[in-house]
Protein chains: 2
Amino acid sequence: MREHAECCEELRVHPEILERVKPDMPDEECLYDLAELFKVFGDTTRIRILYVLFESEMCVCDIAELLSMSQSAISHQLRVLKQARLVRNRREGKTIYYFLADEHVRTIIGQGMEHIQE
Amino acid sequence: MREHAECCEELRVHPEILERVKPDMPDEECLYDLAELFKVFGDTTRIRILYVLFESEMCVCDIAELLSMSQSAISHQLRVLKQARLVRNRREGKTIYYFLADEHVRTIIGQGMEHIQE
DNA sequence: ATAACGTATGAACAGATGAGCATATGTTGA
DNA sequence: TCAACATATGCTCATCTGTTCATACGTTAT
(Lines give C-alpha, C1' and ligand atoms only; values in the text may rest on other atoms or scores of the structure.)
Protein backbone atom coordinates (compact mmCIF):
# COMPACT_ATOMS: atom_id res chain seq x y z
CA MET A 1 0.00 0.00 0.00
CA ARG A 2 0.90 3.68 -0.14
CA GLU A 3 2.13 3.68 -3.72
CA HIS A 4 1.53 7.41 -4.08
CA ALA A 5 3.73 10.45 -3.95
CA GLU A 6 6.94 8.77 -4.89
CA CYS A 7 7.88 10.68 -8.01
CA CYS A 8 10.13 13.71 -7.50
CA GLU A 9 8.53 14.71 -4.18
CA GLU A 10 10.50 16.55 -1.56
CA LEU A 11 8.14 15.57 1.23
CA ARG A 12 6.60 12.14 1.50
CA VAL A 13 3.18 13.47 2.37
CA HIS A 14 -0.25 12.05 1.59
CA PRO A 15 -1.60 14.45 -1.02
CA GLU A 16 -5.15 13.12 -0.99
CA ILE A 17 -5.40 13.91 2.70
CA LEU A 18 -3.82 17.33 2.33
CA GLU A 19 -6.12 18.34 -0.51
CA ARG A 20 -9.16 17.26 1.41
CA VAL A 21 -8.27 19.00 4.65
CA LYS A 22 -6.73 22.23 3.36
CA PRO A 23 -9.96 24.00 2.32
CA ASP A 24 -11.64 23.27 5.66
CA MET A 25 -9.14 25.16 7.82
CA PRO A 26 -10.62 28.19 9.57
CA ASP A 27 -8.74 31.39 8.97
CA GLU A 28 -5.59 32.06 10.93
CA GLU A 29 -7.02 34.97 12.88
CA CYS A 30 -9.83 32.85 14.24
CA LEU A 31 -7.47 30.12 15.41
CA TYR A 32 -5.20 32.73 16.93
CA ASP A 33 -8.09 34.20 18.91
CA LEU A 34 -9.09 30.73 20.03
CA ALA A 35 -5.60 30.00 21.34
CA GLU A 36 -5.58 33.38 23.10
CA LEU A 37 -8.84 32.48 24.80
CA PHE A 38 -7.61 29.13 26.07
CA LYS A 39 -4.36 30.70 27.18
CA VAL A 40 -6.45 32.68 29.64
CA PHE A 41 -7.82 29.45 31.12
CA GLY A 42 -4.31 28.04 31.24
CA ASP A 43 -3.20 29.50 34.53
CA THR A 44 -3.93 28.20 38.00
CA THR A 45 -4.61 31.59 39.51
CA ARG A 46 -7.10 32.52 36.81
CA ILE A 47 -8.83 29.13 36.97
CA ARG A 48 -9.16 29.51 40.72
CA ILE A 49 -10.59 32.99 40.31
CA LEU A 50 -13.15 31.73 37.82
CA TYR A 51 -14.02 28.91 40.16
CA VAL A 52 -14.77 31.15 43.12
CA LEU A 53 -16.85 33.35 40.83
CA PHE A 54 -18.94 30.29 39.99
CA GLU A 55 -20.36 30.59 43.48
CA SER A 56 -20.89 34.26 43.82
CA GLU A 57 -19.87 37.66 42.57
CA MET A 58 -17.06 38.96 44.69
CA CYS A 59 -14.79 41.93 45.25
CA VAL A 60 -11.06 41.92 44.65
CA CYS A 61 -10.02 41.59 48.26
CA ASP A 62 -12.48 38.77 48.89
CA ILE A 63 -10.82 36.84 46.07
CA ALA A 64 -7.35 37.72 47.31
CA GLU A 65 -8.27 36.48 50.77
CA LEU A 66 -9.85 33.25 49.49
CA LEU A 67 -6.86 32.42 47.33
CA SER A 68 -4.26 33.71 49.81
CA MET A 69 -2.71 35.99 47.24
CA SER A 70 -1.92 39.69 47.05
CA GLN A 71 -4.45 42.23 45.88
CA SER A 72 -2.07 43.19 43.11
CA ALA A 73 -1.71 39.69 41.74
CA ILE A 74 -5.47 39.19 41.69
CA SER A 75 -6.06 42.55 40.09
CA HIS A 76 -3.56 41.79 37.34
CA GLN A 77 -5.29 38.52 36.58
CA LEU A 78 -8.78 40.01 36.71
CA ARG A 79 -7.61 42.42 34.06
CA VAL A 80 -6.66 39.51 31.82
CA LEU A 81 -9.97 37.78 32.45
CA LYS A 82 -11.86 40.97 31.74
CA GLN A 83 -10.02 41.58 28.49
CA ALA A 84 -10.95 38.07 27.41
CA ARG A 85 -14.55 38.96 28.33
CA LEU A 86 -14.75 36.07 30.75
CA VAL A 87 -15.62 38.30 33.69
CA ARG A 88 -17.32 41.67 34.05
CA ASN A 89 -17.56 44.00 36.98
CA ARG A 90 -19.75 46.58 38.61
CA ARG A 91 -18.86 49.29 41.04
CA GLU A 92 -20.63 49.80 44.34
CA GLY A 93 -19.04 52.68 46.15
CA LYS A 94 -15.37 51.93 46.64
CA THR A 95 -15.89 48.27 46.04
CA ILE A 96 -15.78 46.63 42.62
CA TYR A 97 -17.59 43.35 42.27
CA TYR A 98 -16.52 40.86 39.65
CA PHE A 99 -18.75 38.18 38.17
CA LEU A 100 -18.71 35.67 35.33
CA ALA A 101 -19.55 37.20 31.98
CA ASP A 102 -21.49 34.31 30.50
CA GLU A 103 -22.25 30.61 30.58
CA HIS A 104 -19.49 29.58 28.18
CA VAL A 105 -17.08 29.77 31.07
CA ARG A 106 -18.95 27.11 32.99
CA THR A 107 -19.31 24.89 29.95
CA ILE A 108 -15.67 25.10 28.97
CA ILE A 109 -14.41 24.44 32.48
CA GLY A 110 -16.97 21.68 32.89
CA GLN A 111 -15.72 19.90 29.79
CA GLY A 112 -12.16 20.31 30.97
CA MET A 113 -13.10 18.72 34.29
CA GLU A 114 -14.70 15.78 32.51
CA HIS A 115 -11.58 15.25 30.48
CA ILE A 116 -9.15 15.16 33.37
CA GLN A 117 -11.43 12.98 35.46
CA GLU A 118 -12.10 10.31 32.88
CA MET B 1 -25.74 49.00 53.05
CA ARG B 2 -22.73 46.82 53.80
CA GLU B 3 -22.70 47.37 57.52
CA HIS B 4 -20.71 44.21 58.12
CA ALA B 5 -17.10 43.43 58.83
CA GLU B 6 -16.14 46.73 60.32
CA CYS B 7 -14.93 45.66 63.76
CA CYS B 8 -11.20 44.95 64.17
CA GLU B 9 -10.75 43.42 60.71
CA GLU B 10 -7.40 43.59 58.97
CA LEU B 11 -8.94 43.00 55.56
CA ARG B 12 -12.23 44.56 54.57
CA VAL B 13 -13.58 41.36 53.13
CA HIS B 14 -17.12 40.04 53.12
CA PRO B 15 -17.03 37.15 55.60
CA GLU B 16 -20.45 35.77 54.74
CA ILE B 17 -19.35 35.32 51.12
CA LEU B 18 -15.99 33.80 52.07
CA GLU B 19 -17.55 31.31 54.46
CA ARG B 20 -20.06 30.23 51.87
CA VAL B 21 -17.60 29.79 49.02
CA LYS B 22 -14.62 28.31 50.85
CA PRO B 23 -15.96 24.78 51.34
CA ASP B 24 -16.97 24.48 47.69
CA MET B 25 -13.48 24.92 46.26
CA PRO B 26 -12.15 21.82 44.50
CA ASP B 27 -8.79 20.67 45.73
CA GLU B 28 -5.69 22.43 44.48
CA GLU B 29 -4.41 19.48 42.49
CA CYS B 30 -7.55 19.27 40.46
CA LEU B 31 -7.46 22.97 39.58
CA TYR B 32 -3.81 22.67 38.73
CA ASP B 33 -4.52 19.80 36.34
CA LEU B 34 -7.31 21.79 34.80
CA ALA B 35 -5.04 24.75 34.15
CA GLU B 36 -2.44 22.40 32.69
CA LEU B 37 -5.05 21.03 30.31
CA PHE B 38 -6.14 24.44 29.07
CA LYS B 39 -2.53 25.51 28.74
CA VAL B 40 -2.26 22.83 26.07
CA PHE B 41 -5.10 24.44 24.12
CA GLY B 42 -3.50 27.83 24.58
CA ASP B 43 -1.07 27.73 21.70
CA THR B 44 -1.76 28.48 18.07
CA THR B 45 0.31 25.63 16.73
CA ARG B 46 -1.40 23.07 18.92
CA ILE B 47 -4.87 24.43 18.15
CA ARG B 48 -4.10 24.22 14.46
CA ILE B 49 -2.89 20.64 14.84
CA LEU B 50 -6.07 19.69 16.66
CA TYR B 51 -8.09 21.37 13.96
CA VAL B 52 -6.54 19.45 11.11
CA LEU B 53 -7.05 16.25 13.08
CA PHE B 54 -10.75 17.05 13.25
CA GLU B 55 -10.86 16.16 9.58
CA SER B 56 -8.73 13.08 9.43
CA GLU B 57 -5.99 11.15 11.12
CA MET B 58 -2.66 12.26 9.73
CA CYS B 59 1.05 11.59 9.86
CA VAL B 60 3.61 14.05 11.23
CA CYS B 61 4.88 15.24 7.88
CA ASP B 62 1.35 15.77 6.55
CA ILE B 63 0.68 18.07 9.47
CA ALA B 64 4.01 19.82 9.03
CA GLU B 65 3.22 20.40 5.36
CA LEU B 66 -0.31 21.64 6.04
CA LEU B 67 0.83 24.09 8.69
CA SER B 68 4.05 25.05 6.89
CA MET B 69 6.16 24.19 9.89
CA SER B 70 9.15 21.98 10.54
CA GLN B 71 8.78 18.30 11.32
CA SER B 72 10.58 18.89 14.59
CA ALA B 73 8.29 21.65 15.76
CA ILE B 74 5.23 19.55 15.00
CA SER B 75 6.70 16.53 16.71
CA HIS B 76 7.43 18.49 19.84
CA GLN B 77 3.87 19.77 19.96
CA LEU B 78 2.36 16.37 19.26
CA ARG B 79 4.24 15.15 22.27
CA VAL B 80 2.57 17.77 24.43
CA LEU B 81 -0.84 16.90 22.99
CA LYS B 82 -0.24 13.23 23.58
CA GLN B 83 0.84 13.75 27.18
CA ALA B 84 -2.39 15.65 27.74
CA ARG B 85 -4.20 12.66 26.21
CA LEU B 86 -5.76 14.87 23.57
CA VAL B 87 -4.32 12.84 20.71
CA ARG B 88 -3.22 9.27 20.28
CA ASN B 89 -1.24 7.58 17.55
CA ARG B 90 -0.73 4.32 15.74
CA ARG B 91 2.22 3.09 13.77
CA GLU B 92 1.95 1.78 10.24
CA GLY B 93 5.42 0.83 9.03
CA LYS B 94 7.62 3.89 9.24
CA THR B 95 4.67 6.21 9.40
CA ILE B 96 2.95 7.24 12.62
CA TYR B 97 -0.61 8.44 12.34
CA TYR B 98 -2.04 10.81 14.91
CA PHE B 99 -5.72 11.18 15.70
CA LEU B 100 -7.94 12.86 18.28
CA ALA B 101 -8.22 10.92 21.50
CA ASP B 102 -11.83 11.69 22.34
CA GLU B 103 -14.79 13.95 21.81
CA HIS B 104 -13.98 16.35 24.64
CA VAL B 105 -11.55 18.03 22.31
CA ARG B 106 -14.28 18.93 19.87
CA THR B 107 -16.62 20.09 22.61
CA ILE B 108 -14.05 22.28 24.30
CA ILE B 109 -12.89 23.88 21.08
CA GLY B 110 -16.49 24.27 19.95
CA GLN B 111 -17.39 26.19 23.11
CA GLY B 112 -14.31 28.34 22.68
CA MET B 113 -15.38 29.15 19.13
CA GLU B 114 -18.84 30.14 20.32
CA HIS B 115 -17.35 32.45 22.88
CA ILE B 116 -15.08 34.35 20.53
CA GLN B 117 -17.76 34.62 17.85
CA GLU B 118 -20.54 35.93 20.05
C1' DA C 1 24.22 -5.35 7.41
C1' DT C 2 23.21 -1.02 5.69
C1' DA C 3 21.03 2.91 3.60
C1' DA C 4 16.94 5.57 3.43
C1' DC C 5 13.18 7.20 5.64
C1' DG C 6 9.72 8.93 9.20
C1' DT C 7 9.74 10.41 13.64
C1' DA C 8 11.54 11.69 18.34
C1' DT C 9 14.49 14.14 21.40
C1' DG C 10 18.05 17.00 23.90
C1' DA C 11 20.33 21.46 24.17
C1' DA C 12 20.18 26.25 23.43
C1' DC C 13 18.21 30.58 22.77
C1' DA C 14 14.67 34.25 22.12
C1' DG C 15 10.37 35.77 23.46
C1' DA C 16 6.33 35.52 26.56
C1' DT C 17 4.36 35.65 31.12
C1' DG C 18 3.10 35.96 36.29
C1' DA C 19 4.01 38.12 40.59
C1' DG C 20 6.07 41.72 43.60
C1' DC C 21 6.81 46.43 44.45
C1' DA C 22 5.82 51.12 44.38
C1' DT C 23 2.64 54.23 43.12
C1' DA C 24 -1.47 56.13 40.72
C1' DT C 25 -6.56 56.50 40.29
C1' DG C 26 -11.14 56.97 41.82
C1' DT C 27 -14.56 56.98 45.67
C1' DT C 28 -16.29 58.07 50.25
C1' DG C 29 -16.85 60.40 54.57
C1' DA C 30 -15.17 63.91 57.77
C1' DT D 1 -10.09 69.68 50.87
C1' DC D 2 -8.12 65.79 52.87
C1' DA D 3 -7.46 61.15 54.70
C1' DA D 4 -8.69 56.46 54.25
C1' DC D 5 -9.77 52.98 51.37
C1' DA D 6 -10.46 49.66 47.24
C1' DT D 7 -8.59 48.84 43.14
C1' DA D 8 -5.50 49.49 39.01
C1' DT D 9 -1.17 49.86 36.68
C1' DG D 10 3.82 50.47 35.10
C1' DC D 11 8.17 48.49 35.80
C1' DT D 12 11.19 44.72 36.77
C1' DC D 13 12.80 40.19 37.24
C1' DA D 14 12.72 35.25 37.49
C1' DT D 15 10.68 31.61 35.23
C1' DC D 16 8.41 29.25 31.58
C1' DT D 17 7.69 28.08 26.66
C1' DG D 18 8.15 27.30 21.57
C1' DT D 19 11.24 26.86 17.90
C1' DT D 20 15.59 25.57 15.67
C1' DC D 21 19.46 22.70 15.08
C1' DA D 22 21.78 18.55 15.35
C1' DT D 23 21.32 14.00 16.12
C1' DA D 24 19.31 9.62 17.80
C1' DC D 25 15.83 5.97 17.26
C1' DG D 26 12.91 2.51 15.00
C1' DT D 27 11.31 0.46 10.58
C1' DT D 28 11.74 -1.14 5.88
C1' DA D 29 13.82 -2.62 1.63
C1' DT D 30 17.95 -3.85 -0.62
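Within every chain, numbering begins at 1; the chains are lettered A, B, ... in the order of the sequence lines, protein sequences first and strands thereafter. Just the heavy atoms: all of them, side chains too, but no hydrogens, waters or symmetry mates, feed the values below. As the structure is a computational prediction, the values presented were derived from the model and not from experiment.
Nearest-nucleotide positions on DNA chain C for Arg91(A) and Arg91(B) put Arg91(B) closer to the 5' end.
Listed candidates were dT7(D), dG26(D), dG26(C). Nearest to the side chain of Lys94(B) is dG26(D).
Going from atom OH of Tyr97(A) over to atom C1' of dA8(D) covers 18 Å, rounded to whole Å. The nearest whole Å value for the distance from the CG atom in Leu78(A) to the P atom in dA8(D) is 7 Å. Taking atom CD of Glu57(B) as the reference point, atom P of dG6(C) lies 17 Å away to the nearest angstrom. In this entry the distance linking CZ of Phe38(B) with P of dT17(C) reads 18 Å, nearest Å. What separates CD1 of Ile49(A) from P of dT7(D) is a distance of 13 Å, to the nearest Å. Whole-Å rounding puts the Ile96(A) CD1 to dC5(D) P distance at 17 Å. Separating the CD1 atom of Ile17(A) from the C1' atom of dG6(C) is a distance of 15 Å, rounded to the nearest angstrom. Atoms CD1 (Ile47(A)) and P (dT17(C)) sit 16 Å apart, rounded to a whole Å.
For the atom pair Ser56(B) OG and His14(A) NE2, the distance stands at 10.0 Å (nearest 0.5 Å). Annotation: the span from Glu29(B) atom CD to Thr44(A) atom OG1 amounts to 11.5 Å, rounded to 0.5 Å. Here the straight-line distance linking atom CG of Leu78(B) with atom CG of Leu86(B) works out to 11.0 Å at 0.5 Å rounding.
No more than 12 heavy atoms of other residues, nucleotides or ligands lie within 6.0 Å of CZ in Arg88(A), so this atom counts as exposed by the packing criterion.
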Return the polar atom pairs (N/O with N/O) between nucleotides 17-22 of chain D and the protein under 3.5 Å, or none.
from    : atom 1 : to       : atom 2 : distance (Å)
dG18(D) : OP1    : Arg46(B) : NH1    : 3.1
dG18(D) : OP1    : Arg46(B) : NH2    : 2.8
dG18(D) : OP2    : Arg46(B) : NH1    : 3.4
dT19(D) : OP1    : Thr45(B) : OG1    : 2.6
dT19(D) : OP2    : Gln77(B) : OE1    : 2.9
dT20(D) : OP2    : Ser70(B) : OG     : 3.1
dT20(D) : O4     : His76(B) : NE2    : 3.3
dC21(D) : N4     : Ser72(B) : OG     : 2.8

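The phosphate of dT9(C) has OP1 or OP2 within less than 4.0 Å of a side-chain N or O from Arg79(B). Considering only side-chain N and O atoms, Tyr98(A) lies nowhere under 4.0 angstrom from the phosphate OP1 or OP2 of dA6(D).
Under a cutoff of 6.0 Å and an axis angle of 45°, Arg46(A) and Phe41(A) do not form a cation-pi pair. For the pair Arg90(B) and Phe99(B), the NZ or CZ position fails the cation-pi test of under 6.0 Å to the six-membered ring centre and within 45 degrees of the ring normal.
Applying the salt bridge (charged side-chain N to carboxylate O under 4.0 Å, His left out) criterion to Arg79(A), with sequence neighbours excluded, gives no partner residue.
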